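Report on the following structure.
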Amino acid sequence: MDLHDLTSHLIHRTDVRAMNYFKKKLKPYGMTPVRWSIISVLDSHKGITQTELAEAIDKKQTTIVEMIYAMEEKGLIKRMYSERDRRLHYLFLTERGEELKKTLSPLVKDAHLFVTRQLSDEENTQLKTLLNKVYNGIQ
C-alpha cells in the first residue's frame with residue numbers, strides 16, 4: 001500500500017502543515033497552539049481542574065503542568081485552591097488572559113478559514129464529522 005493511500009498518514013501530514021501555519025501566526029504573541037487551547041478551554045469552562053483541562057485538550061496531565069506554571073508566571077491564568085482539599089485547585093483566566101483571548105480570537109478564526117478555504121461549508125462540516133468519528137473509534 002502506498003504511503004499516500006493511508007488515511008492516518010494523510011491526517012498526520014495535514015495536521016503538521018496546519019499546526020506549522022498556526023504556530024507561525026501565534027508566535028508573535030508568545031503563544032503556541034497548546035497554550036491557545038488552554039486559554040480557549042479556560043474561557044469557556046471557568047474553574048475547571050487541571051485533570052479536566054488535560055482531558056479537554058487531550059494531553060497528559062503531567063504534560064500541561066509546566067505550561068500551567070509558565071502561563072501563571074506570565075499572568076495569563078490563576079489557580080484557586082479548594083477549601084476542602086488543598087491539593088485540588090481550579091483554573092481561571094486572569095484579566096490579562098481574557099484580553100489575550102479577545103486579541104487572538106480573530107487571528108485564530110482567520111487561520112482556520114485559511115486552512116479550510118478550499119472546502120465548502122458542507123464539506124467542512126462533513127470533514128469535522130468524519131475526523132471526530134475516526135478519533136472516537138480509536139481507544
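Along the sequence shown, residues carry numbers from 1. Just so you know, these numbers use all the heavy atoms, side chains as well, and skip hydrogens, waters and symmetry mates. It should be emphasised that the depicted structure is a prediction, and the values quoted were computed from it without experimental measurement.
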For this session: Would you please test Arg13 and His9 for side-chain contact (heavy atoms from CB on, under 4.5 Å) and show each step?
Result: CA-CA 6 Å; Arg13 79 177 193 160; His9 173 71; 3.8 Å; yes
Exercise. Hey, mind stepping through Ile48 and Tyr90 against side-chain contact (heavy atoms from CB on, under 4.5 Å) and telling me if it holds?
Worked result: CA-CA 5 Å; Ile48 64 172; Tyr90 304 100; over 6 Å; no
Roughly how far apart are [X] [atom1] and [Y] [atom2], rounded to 0.5 Å?
X	Y	atom1	atom2	result
Leu26	Met19	CG	CE	9.0 Å
Leu88	Glu83	CG	CD	11.5 Å
Leu91	Ile77	CG	CD1	5.5 Å
Leu131	Thr14	CG	OG1	9.0 Å
Leu100	Arg35	CG	CZ	11.0 Å
Phe22	Lys27	CZ	NZ	15.0 Å

Exercise. Any Lys/Arg nitrogen of Glu99 or Arg96 sitting under 4.0 Å from an Asp/Glu carboxylate oxygen of the other?
Worked result: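 Result for this pair is no, no salt bridge flagged.
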For this session: Only counting residues at least two apart or in another chain, list the ones meeting ring pair (Phe, Tyr, Trp, His ring centres under 6.0 Å) with His12.
Result: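 For His12 there are no ring pair (Phe, Tyr, Trp, His ring centres under 6.0 Å) partners, ignoring immediate neighbours.
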Exercise. Got a sec, which residues hit ring pair (Phe, Tyr, Trp, His ring centres under 6.0 Å) with His45, two or more places apart in sequence or on another chain?
Worked result: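 Partners of His45 under the ring pair (Phe, Tyr, Trp, His ring centres under 6.0 Å) test: none.
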Heavy atoms, side chains only, cut-off 4.5 Å: are [X] and [Y] in contact?
X	Y	answer
Thr49	Glu52	yes
Met67	Thr32	no
Leu93	Ile39	yes
Ile57	Ile38	yes

Donor-acceptor under 3.5 Å ([X] side chain, [Y] main chain):
X	Y	result
Asp15	Ile11	no
Thr94	Gly75	yes
Ser40	Trp36	no

For this session: With sequence neighbours excluded, tell me which residues meet salt bridge (Lys or Arg N to Asp or Glu O under 4.0 Å) with Lys101.
Result: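 Once residues adjacent in sequence are excluded, the partners of Lys101 under the salt bridge (Lys or Arg N to Asp or Glu O under 4.0 Å) criterion are Asp43.
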Problem set entry | salt bridge (Lys or Arg N to Asp or Glu O under 4.0 Å) against Glu123, all qualifying residues, sequence neighbours excluded |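 Glu123 satisfies salt bridge (Lys or Arg N to Asp or Glu O under 4.0 Å) with no other residue.
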Other residues, nucleotides and ligands only: do more than 12 of their heavy atoms fall within 6.0 Å of [atom1] on [X]?
X	atom1	answer
Asp5	CG	yes
Met80	CE	no
Tyr21	OH	yes

Problem set entry | Where at least one partner belongs to residues 56-77, residue pairs that pass side-chain hydrogen bond (donor to acceptor under 3.5 Å, both in side chains), sequence neighbours excluded |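 For residues 56-77, and leaving out neighbouring residues, the side-chain hydrogen bond (donor to acceptor under 3.5 Å, both in side chains) pairs sorted by first residue read Thr51-Gln61, Asp58-Tyr135, Glu72-Arg79.
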Check: residues 111-118 side-chain donor-acceptor pairs under 3.5 Å, at least two apart:
from: Thr116; atom 1: OG1; to: His112; atom 2: O; distance (Å): 2.8
from: Arg117; atom 1: NH1; to: Phe114; atom 2: O; distance (Å): 2.6

For this session: Considering non-hydrogen atoms only, spot the tightest contact between Gln50 and Val65 and give its length.
Result: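 Distance-wise, the nearest heavy atoms are NE2-CG2, 3.1 Å.
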For this session: Decide whether Phe92 and Leu104 are clustered together by the hydrophobic rule: side chain heavy atoms of Ile, Leu, Val, Met, Phe, Trp, Tyr closer than 4.5 Å, transitively.
Result: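 No, because Phe92 and Leu104 fall into different hydrophobic clusters, even though each may have its own neighbours under 4.5 Å.
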